[in-house]
Amino acid sequence: MTNKKYLIVIDMDSTLLTDEKTISSASVKYLKSLQDEGHIVMLASGRPKRSLIYYYDQIGLNSPLICYNGAYCFHPSDENFKVTHFTFPKEIIKEIYTDCSDAISNVMCETDDKIWLGEPDEELSRFFWHDGLKINYGDIRETLDEDPWTMIMKDTDSARPDERIDEAVKKHKGYAVRYWFKAEYSEIYFKKISKAACIKRSAHYYHIPRKNVICIGDSFNDLEMIKYAGIGVTMINGVDKLKKAADIVTEYDNNNDGVMRVLKSILEK
């Protein structure tokens, strides 16, 4: 095993998590061993805190946690680590929804304890862990009464991005849109906020040089961190754009311990 100290940042869905949203016992054990050896292991996801903390505790991590693709970054047990937290003004959210409502079939906004949802959505429920939370159903222009932490839209055409969504979002300076699951869902975000920004701050906090930062992901919201990393890794099941930006593409996918296997190949040279 290498004597260098690495900052290892891992995306969750379709990267560390299997399609069944679990982490194998072998991967849990291996990631624990990396932390025990002095490496910093971080999770970075579009997921909220309430769903990430379950996996964080399962592995037994002691590191910053990147939620909402960098809009919320904190350390669960280190008060000296400065919290990053961005919210979206509800007035702008309602304007975006109005301007592109014909291009979307559903919309969701949330904080860590409240959800505003046009109508039930099984995929979003799996990803955002709605269980136990009050869900406010209906038109968000009428129900949304707080500044949300995220806005997710389900597109009417899942085959390709809809230009009307881009146009509605880009009317607002500093805002942009990215897509999940090919083009089925779109997410608004601040251009200045990303997983990479939180990773850069974390590397500085732990005095780890950029060349010793390993980032592993699979989708468009991982692009900035893959480009920032000293060693950028894309899952074999990842999108082509990310594979082109990566230094390494894994041999195994998320259902076959692809993260653990590639880390072993990097760290045990």
*Asks:* Say you draw a straight line from CG of Asp13 to CG of Asp222; how long is it, rounded to the nearest 0.5 Å?
*Replies:*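 One gets 10.0 Å once the value is rounded to the nearest 0.5 Å.
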*Asks:* Distance alone, cut at 3.5 Å: any donor-acceptor contact between the side chains of Asn69 and Ser45?
*Replies:*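 Short answer, no.
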*Asks:* With the 4.5 Å side-chain cut-off for hydrophobic clustering, are Val249 and Ile8 part of the same group?
*Replies:* no
*Asks:* Taking C-beta and beyond as the side chain, do Asp11 and Met235 meet within less than 4.5 Å on heavy atoms?
*Replies:* no
*Asks:* Under a 4.0 Å N-O cut-off, is there an ion pair linking Asp113 with Lys134?
*Replies:* no
*Asks:* In Å and rounded to the nearest 0.5 Å, what is the OG to NZ distance from Ser202 to Lys82?
*Replies:* 13.0 Å
*Asks:* Within 45° of the six-membered ring axis of Tyr175 and under 6.0 Å from that ring's centre, is NZ or CZ of Lys170 located there?
*Replies:* no
*Asks:* Report yes if the side chains of Ile40 and Leu34 come closer than 4.5 Å at any heavy-atom pair, otherwise no.
*Replies:* no
*Asks:* According to side-chain hydrogen bond (donor to acceptor under 3.5 Å, both in side chains), does anything in residues 227-244 pair up with another residue at least two apart or in another chain? List the pairs.
*Replies:*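 side-chain hydrogen bond (donor to acceptor under 3.5 Å, both in side chains) check on residues 227-244 returns Asn237-Asn254.
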*Asks:* Any chance you could measure Tyr137, atom OH, to Met108, atom CE, to the nearest 0.5 Å?
*Replies:* 11.5 Å
*Asks:* Between Phe86 and Tyr68, does a ring pair (Phe, Tyr, Trp, His ring centres under 6.0 Å) hold up when you go through it step by step?
*Replies:* CA-CA 10 Å; Phe86 289 85; Tyr68 295 113; over 10 Å; no
*Asks:* Show your working on salt bridge (Lys or Arg N to Asp or Glu O under 4.0 Å) between Arg50 and Glu110 and close with a plain yes or no.
*Replies:* CA-CA 12 Å; Arg50 61 179 178 271; Glu110 72 157 55; 2.7 Å; yes
*Asks:* Run the side-chain hydrogen bond (donor to acceptor under 3.5 Å, both in side chains) test against Lys114 and tell me which residues pass, sequence neighbours left out.
*Replies:*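 Partners of Lys114 by the side-chain hydrogen bond (donor to acceptor under 3.5 Å, both in side chains) criterion, ordered by chain and then number, come out as Glu146.
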*Asks:* Output yes when Asp99 and Arg164 qualify as a salt bridge under the 4.0 Å nitrogen-oxygen rule, no when they do not.
*Replies:* no
*Asks:* Please determine whether ring pair (Phe, Tyr, Trp, His ring centres under 6.0 Å) holds for the pair Phe74 and Phe81, giving the CA-CA distance in whole Å, both sets of side-chain angles, and the decisive distance to 0.1 Å.
*Replies:* CA-CA 7 Å; Phe74 73 108; Phe81 186 86; 8.9 Å; no
*Asks:* How many angstroms lie between atom CD1 of Ile165 and atom SG of Cys100, to the nearest 0.5 angstrom?
*Replies:* 5.5 Å
*Asks:* Hey, what do you get for CG (Leu242) to CD1 (Ile216), rounding to the nearest 0.5 Å?
*Replies:* 11.5 Å
*Asks:* State yes or no: do Ile236 and Ile231 share one hydrophobic cluster built from I, L, V, M, F, W and Y residues joined by side-chain heavy-atom distances below 4.5 Å, directly or via other members?
*Replies:*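 Cluster IDs for Ile236 and Ile231 differ.
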*Asks:* Other hydrophobic cluster members with Tyr189, side-chain heavy atoms of Ile/Leu/Val/Met/Phe/Trp/Tyr under 4.5 Å, chained?
*Replies:*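 Answer for Tyr189: none, a lone residue.
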*Asks:* So, Lys154 and Asp121, do they make that salt bridge, N to O below 4.0 Å?
*Replies:*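 Counted as a salt bridge, because a side-chain N and a carboxylate O are separated by less than 4.0 Å.
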*Asks:* Do the numbers put Arg47 on top of the ring of Tyr55, so that NZ or CZ is under 6.0 Å from the six-membered ring centre and no more than 45° off the axis?
*Replies:* no
*Asks:* Can Arg261 be said to sit on top of Tyr252's aromatic six-ring, NZ or CZ under 6.0 Å from centre and within 45° of the ring axis?
*Replies:* yes
*Asks:* In Å and rounded to the nearest 0.5 Å, what is the NE2 to CD1 distance from His39 to Ile208?
*Replies:*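 Answer for the NE2-CD1 pair, His39 versus Ile208, is 9.5 Å.
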*Asks:* Taking the six-membered ring for Trp, are Tyr72 and His85 parallel (under 30°), tilted (30 to 60°) or perpendicular (over 60°)?
*Replies:* tilted
